[in-house]
**Q** 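Dropping the structure in here first, questions after.
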There are 2 protein chains.
Amino acid sequence: MAKKITIYDLAQKLNISPATVSRSLNDHPAISQKTKDKVLSVARETGYRTNKFAANLSKQRSKTIGVIVPKLNSIFMSTVLSGIEKIANNFGYNLVISQSLESQEKEKLNAKTLFDSGIDALLVSLAYETENYDHFTTYTDRKIPLLFFDRLCDLPNCPTISIDNEAAGYDATRHLIEKGCKNIVHITGSLRRNVYTDRLEGYKRALYKNKLPVRPENIIESDLNIYKVQEFVAYIKASKHKVDGIFVSNDTFAVNCIKELKKEGFRIPEDIKIIGFNNDPVSEVISPNLSTIEYPGYKMGILAGQSIISHLNGSINIQSADQIIIKHKLIARESTQI
Amino acid sequence: MAKKITIYDLAQKLNISPATVSRSLNDHPAISQKTKDKVLSVARETGYRTNKFAANLSKQRSKTIGVIVPKLNSIFMSTVLSGIEKIANNFGYNLVISQSLESQEKEKLNAKTLFDSGIDALLVSLAYETENYDHFTTYTDRKIPLLFFDRLCDLPNCPTISIDNEAAGYDATRHLIEKGCKNIVHITGSLRRNVYTDRLEGYKRALYKNKLPVRPENIIESDLNIYKVQEFVAYIKASKHKVDGIFVSNDTFAVNCIKELKKEGFRIPEDIKIIGFNNDPVSEVISPNLSTIEYPGYKMGILAGQSIISHLNGSINIQSADQIIIKHKLIARESTQI
DNA sequence: AATATTTGCGCAATCGGTTGCGTGATATTT
DNA sequence: AAATATCACGCAACCGATTGCGCAAATATT
């Protein structure tokens with residue numbers, strides 16, 4: 001039962017050459033339908049399975065796409081992955097997923113391992129830490145399609161998929177301003193990452209535009225780990241200028257801020273209005289419901305998958321554009337309006 | 001720059017045979033240290049990278065582990081995957097992840113694709129739909145390690161990792177009873193899956209043991225999709241016997257029940273007490289905080305990874321046990337106690 | 001009917017490592 | 001010093017599928 005059967009076995013059974021068997025199985029035009037049918041039927045009977053190792057070796061491609069993400073276990077990231085997987089699966093690609101755990105070293109290692117394992121293309125969302133991009137030159141040098149999503153990198157010739165984070169940051173901040181906030185704190189992730197710097201730029205622009213001061217002490221860079229929430233809230237309480245709005249670059253952190261602020265006696269949104277980012281499911285669970293920016297992760301995954309596959313196929317179309325910007329949307333809920 | 005260099009190139013450069021190069025790179029004992037050093041250094045200089053396709057072909061293994069999960073995008077599943085990835089990565093294995101989207105057909109297809117792609121082992125958490133397990137015989141026949149986690153399957157010789165769902169269901173139900181509930185509804189997922197049937201058994205046992213009637217109309221099988229919450233709450237309201245406790249097999253659904261029940265004017269926990277399952281982050285966000293059963297996903301992932309790898313290594317130890325049961329824990333929060 | 005074209009298939013090289021077996025050189029034993 | 005054991009490495013046969021080239025038979029052309 002556990003016998004592995006090869007094209008040579010099939011060839012022998014059918015008294016034809018292995019070449020013909022191979023071509024038949026791949027539906028090569030130079031083979032007659034009659035022969036193909038015979039081969040196919042015997043292949044089915046015998047339970048033949050093509051040996052991917054051999055096929056990969058001679059074709060020099062693996063029908064496998066690699067992915068490096070910071071962390072698997074966030075609802076946003078797993079939603080993106082879910083989209084990527086769907087497309088990959090549809091097109092017969094396997095997906096090798098690895099996580100950098102926000103570490104540059106691990107990202108490097110993963111990039112190397114994936115390269116060695118012979119992936120046809122690589123999708124990356126950068127780690128917090130990453131400052132140096134040399135580990136990707138292996139790919140660019142050998143023309144292996146490389147695409148960044150969400151946390152981008154400005155390598156030349158690398159397509160990217162993201163939302164317009166600057167505009168989103170602007171929208172979020174403007175929303176707070178429109179609701180009457182005068183002194184808005186922004187808590188952001190690592191400013192090494194475009195997603196956060198861009199949102200910060202948007203935040204600043206909204207303040208400028210509304211003639212509000214940009215106070216350095218109101219911009220807080222953090223790893224957004226929720227155990228930092230208490231510290232952050234203490235900081236808010238101690239602030240010289242009374243804080244009346246918070247723009248958090250991440251729903252999970254925002255939700256925990258709400259919890260902590262409520263515990264400290266703040267009324268949301270009366271005393272402080274809060275807006276998050278991502279439209280994570282928790283944003284609708286917290287009371288008051290969290291206003292946020294919708295970040296369509298699934299769609300991003302789908303597009304990333306489609307994009308990389310059309311690059312692989314060499315087809316030129318919208319999907320193979322160099323920069324795809326997905327629309328975001330402000331979702332106003334209770335945490336910013338009475 | 002994009003030139004691929006092989007062991008033959010190295011052999012030529014060093015005036016030795018490819019065999020020696022190969023053995024040197026693999027640290028074979030029959031090669032002198034001097035030669036190894038030379039080979040290693042030239043390999044480094046030239047940027048040699050072993051071609052995995054060729055290596056796989058001749059070694060007949062791929063250092064790759066396949067995973068099939070129902071859905072990637074749940075916090076529980078992505079946490080498990082995160083654990084698996086960590087171990088796989090540590091041991092130099094790649095992880096190919098695919099999702100069945102709760103469909104038996106897709107699960108079959110994925111099993112086949114993964115098999116063909118030459119994975120060394122397979123980890124599976126079954127789809128809702130799956131009733132037939134023939135698609136796994138390919139693996140068992142060829143002695144490819146196959147492990148089930150969370151949503152198990154009773155195939156012979158397949159190690160499993162899970163919690164004691166019966167006991168967990170019992171604990172959850174008993175907790176409600178202890179808090180005074182007399183008429184407890186249980187909403188469960190597909191009863192094709194052990195996780196749900198076992199919890200249901202636990203629920204029944206707790207009722208029996210406390211001399212409470214087991215009412216068929218109180219056991220509701222559902223796909224636990226949150227758009228069914230309204231329907232469910234309507235059912236609760238319309239119930240002949242006043243429902244004073246709900247045991248939901250899934251935190252996300254439980255949380256949405258709380259929201260909907262509150263909207264309908266129920267007081268939680270005064271009118272109805274609710275307990276969920278999984279200890280999903282949302283359980284601490286909802287107000288009142290949701291009591292639940294802790295289900296250590298990350299640990300499960302770690303153990304699944306370790307277990308499958310020790311099976312691959314042929315080592316016999318605790319990790320390669322045939323059935324691993326992880327401890328669960330009742331977490332009593334506000335939704336069940338005043 | 002002779003020639004040209006097309007069709008269908010086989011030969012053999014190739015992809016790049018791995019590994020059992022054998023051999024000459026060096027080291028150890030008696 | 002002769003005999004035996006050990007060491008370090010090379011030869012060549014795989015692993016299984018792909019594919020350029022070539023050839024013979026079948027079909028079409030004149």
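Hydrogens, waters and symmetry mates are skipped; everything else that's a heavy atom, side chains included, is used. Each chain gets a letter, A, B and so on, in the order the sequences are listed, and its residues count up from 1.
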**Q** Any side-chain heavy-atom pair from A:Tyr48 and A:Asp9 closer than 4.5 angstrom?
**A**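 No, too far: nothing below the 4.5 Å cut-off.
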**Q** Under 4.0 Å between a Lys/Arg side-chain N and an Asp/Glu carboxylate O for A:Glu131 and A:Arg192?
**A**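 Judged by the 4.0 Å cut-off on N to carboxylate O distance, A:Glu131 and A:Arg192 do form a salt bridge.
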**Q** Set out, in order, the CA-CA distance, both residues' side-chain angles and the distance that settles side chain to side chain contact (heavy atoms under 4.5 Å, CB included) for A:Phe91 and A:Ile308, then state yes or no.
**A** CA-CA 11 Å; A:Phe91 284 88; A:Ile308 206 73; over 6 Å; no
**Q** When you measure from every atom of DNA chain D, which of residues 51-64 of chain A have a heavy atom less than 4.0 Å away?
**A**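 Under 4.0 Å from DNA chain D: A:Asn51, A:Ala54, A:Ala55, A:Leu57, A:Ser58, A:Lys59.
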**Q** If only side-chain N and O atoms count, and only distance matters, is there a donor-acceptor pair under 3.5 Å linking B:Asn94 with B:Thr64?
**A** no
**Q** What string of B, S and - do you get for nucleotides 22-28 of chain C, 5' to 3', when a contact is any protein heavy atom under 4.0 Å?
**A** -------
**Q** Quick one: does any side-chain atom of B:Ser310 pair with a main-chain N or O of B:Gln306 as donor and acceptor, under 3.5 Å?
**A** yes
**Q** Quick one: are A:Tyr128 and A:Arg151 in side-chain contact, heavy atoms under 4.5 Å?
**A** yes
**Q** How many angstroms lie between CD1 in A:Ile84 and CG in A:Asn89, if you round to the nearest 0.5 Å?
**A** 13.0 Å
**Q** Could you summarise the pairing of DNA chain C as dot-bracket text, marking Watson-Crick and G-U pairs under 3.5 Å with ( ) or [ ] inside the strand and | across strands?
**A** ||||||||||||||||||||||||||||||
**Q** If I take atom OH in residue B:Tyr8 and atom P in nucleotide C:dA13, what distance separates them, rounded to the nearest angstrom?
**A**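 Taking OH of B:Tyr8 and P of C:dA13, I get 15 Å after rounding.
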**Q** Hey, are B:Ser32 and B:Thr35 close enough side-chain-wise for a donor-acceptor pair under 3.5 Å?
**A** yes
**Q** Between B:Asn56 and B:Ser62, does any side-chain donor sit less than 3.5 Å from a side-chain acceptor?
**A** no
**Q** Are side-chain N/O atoms of A:Thr20 and A:Ser17 paired as donor and acceptor at under 3.5 Å?
**A** yes
**Q** Check the side chains of A:Gln33 and A:Asp37 for a donor-acceptor pair under 3.5 angstrom, ignoring hydrogens and angles.
**A**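 Their side chains do contain a donor-acceptor pair, which is all the 3.5 Å distance test asks for.
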**Q** What are the bounds, 5' to 3', of the part of DNA chain D that sits under 4.0 Å from heavy atoms of chain A?
**A**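 The contact span of chain A on DNA chain D goes from D:dG16 to D:dG20.
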**Q** Tell me, please, which residues at least two apart from A:Leu101 pass side chain to side chain contact (heavy atoms under 4.5 Å, CB included).
**A** A:Gln99, A:Lys106
**Q** C:dC15 C1' sits how many Å from B:Asp9 CG, rounded?
**A**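 Roughly 13 Å, once rounded to whole Å.
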**Q** Just by distance, with hydrogens left out, do B:Thr160 and B:Gln323 show a side-chain donor and acceptor under 3.5 Å apart?
**A** no
**Q** More than 12 foreign heavy atoms under 6.0 Å from NZ of B:Lys38: is that the case here?
**A** no
**Q** Within residues 20-36 of chain A, find the residues that approach DNA chain D with a heavy atom at under 4.0 Å, and present them sorted by residue number.
**A**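 A:Ser22, A:Arg23, A:Asn26, in order of number.
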